[in-house]
Amino acid sequence: MERTDKRLKGIQVKMKNVIIFLVFILYATFIFFVHSSFFLLSILCVNILAMVIFKVKPIHVIENIIKMMPFILLTVLVNWILANYEYAFLVAIKLILVCHITFVYAKTTTVRQIANTIKNLCMPLKLLKVNLEDIELLVCISLSMIPILKREYSQLKEACQAKGITWNVSNMKYVLTKLMVSLMKRVNEIEESILEKGYGEI
């Protein structure tokens, strides 16, 4: 009886994670199709409400948006050139709202939970004899590599600045080579860790 309750609880947690993930994807996609100022304001209120419910600090959200600002400004510039400033401004607002809710979702879940959720969504592939454990593992590694890539990039940039090397097109080959070598070392470390935990070869 106790084992049945645990299994039922586990299924409920999985279903909850899947539903939250799908709602997040649909919500983030919906933002890009909104053109009304009223609806955009409503989305901002929903984002703030989600931030309050999940106890995400506003300062962290602002810091994340500032980090994404170069990408947002580049997108705005492209849309300004191809369309007009009003459309570019609308795109900027949408991107900020999507970054906002994405950060809130990322702060309220773990890499392992996201990987497990994607594995559960891929359950139909089991009929095609696809190994879902491999999918979960690959998603987990991919998501784990993002902070590693950011950290390696920052460390390399600091090392270049300490050596007086400027970041420009002429020495980009040297910088990218160093970055790739460093990343390959990290990938090998992750692979060894996975093999030691008995996941098998990847």
Side-chain angles (χ1 to χ4, degrees), residues 12-80 82-83 85-123 125 132 135-157 179 183 186-187 190:
Q12 288 174 342
V13 169
K14 286 180 180 180
M15 286 302 297
K16 180 185 173 184
N17 289 338
V18 168
I19 290 168
I20 291 173
F21 180 79
L22 290 175
V23 168
F24 160 70
I25 294 295
L26 291 171
Y27 179 73
T29 305
F30 170 75
I31 292 173
F32 287 107
F33 291 94
V34 174
H35 299 289
S36 167
S37 300
F38 172 76
F39 278 115
L40 287 174
L41 185 61
S42 300
I43 289 168
L44 176 61
C45 293
V46 172
N47 284 9
I48 293 171
L49 182 62
M51 190 173 66
V52 172
I53 291 171
F54 294 111
K55 298 177 182 178
V56 179
K57 293 182 179 179
I59 186 67
H60 292 161
V61 174
I62 294 168
E63 286 173 355
N64 180 66
I65 291 173
I66 290 171
K67 287 178 183 177
M68 296 299 297
M69 200 52 71
F71 165 73
I72 293 171
L73 291 176
L74 178 63
T75 307
V76 168
L77 181 62
V78 171
N79 282 280
W80 195 337
L82 297 178
Y85 75 91
E86 289 180 356
Y87 181 74
F89 182 69
L90 185 65
V91 169
I93 292 172
K94 291 178 181 180
L95 285 173
I96 289 171
L97 290 172
V98 170
C99 289
H100 184 181
I101 197 63
T102 302
F103 183 76
V104 172
Y105 176 74
K107 292 294 284 185
T108 56
T109 188
T110 64
V111 169
R112 188 62 187 267
Q113 285 175 333
I114 295 172
N116 189 257
T117 300
I118 292 173
K119 183 187 83 170
N120 293 329
L121 285 171
C122 294
M123 201 66 73
L125 294 176
L132 300 182
I135 292 175
E136 181 182 15
L137 188 60
L138 288 171
V139 172
C140 203
I141 291 172
S142 300
L143 293 175
S144 298
M145 283 300 294
I146 295 172
I148 292 173
L149 181 62
K150 288 171 66 179
R151 187 167 62 249
E152 290 295 324
Y153 174 81
S154 298
Q155 289 176 354
L156 182 59
K157 189 174 181 180
L179 183 61
L183 283 177
R186 295 293 184 185
V187 169
I190 292 172

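The shown structure was predicted, so the numbers you read here are calculated from the model rather than taken from an experiment. Below, all heavy atoms of this structure are taken into account, side chains as well, without hydrogens, waters or symmetry copies.
- By the neighbour-count criterion of 12 heavy atoms within 6.0 Å, atom CE of Met123 is densely surrounded, having more than that number from other residues, nucleotides or ligands.
- From Ile31, atom CD1 reaches atom CG of Leu95 across 10.0 Å, with rounding to the nearest 0.5 Å.
- Residue pairs meeting the ring-ring contact (aromatic ring centres under 6.0 Å, His included) criterion with at least one member in residues 99-120, sequence neighbours excluded, are Phe24-Tyr105.
- Judged by distance alone, the side chain of Asn116 and the main-chain N or O of Lys14 form no donor-acceptor pair under 3.5 Å.
- For the pair Ile101/Val46, no side-chain contact is recorded, criterion being any heavy-atom separation below 4.5 Å from C-beta on.
- Note that CG of Leu49 is 12.0 Å distant from OG of Ser42, once rounded to the nearest 0.5 Å.
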Ile43 vs Tyr27, side-chain contact (heavy atoms from CB on, under 4.5 Å): CA-CA, chis, key distance, verdict: CA-CA 9 Å; Ile43 289 168; Tyr27 179 73; 3.1 Å; yes
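- Looking only at distances, a side-chain donor or acceptor of Lys94 sits under 3.5 Å from a matching main-chain atom of Val34.
- Here the straight-line distance linking atom CG of Asn47 with atom SG of Cys99 works out to 10.5 Å at 0.5 Å rounding.
- Taking CG from Leu90 and CG from Leu40, the interatomic distance works out to 6.0 Å, rounded to the nearest 0.5 Å.
- In this structure, Asn79 contributes its side chain and Thr75 its backbone to a donor-acceptor pair below 3.5 Å.
- The shortest side-chain heavy-atom distance between Met69 and Ile65 falls under the 4.5 Å cut-off.
- The side-chain heavy atoms of Val91 and Phe32, taken from C-beta on, include no pair separated by under 4.5 Å.
- At a threshold of 4.5 Å between non-hydrogen side-chain atoms, the residues Val76 and Tyr85 do not count as touching.
- Annotation for Ile25 and Thr29: closest pair O-OG1, 2.7 Å, computed over non-hydrogen atoms.
- Two residues are said to be in side-chain contact when any heavy atoms from C-beta on lie closer than 4.5 Å; Thr110 and Ile114 fail this criterion.
- Between the CD1 atom in Ile48 and the CG atom in Leu44 there is a gap of 4.0 Å [rounded to 0.5 Å].
- Lys107 places no side-chain N or O within 3.5 Å of a backbone atom of Val56 that could act as its donor or acceptor partner.
- The CD1 atom of Ile19 sits 10.5 Å away from the CD atom of Gln12 when rounded to the nearest 0.5 Å.
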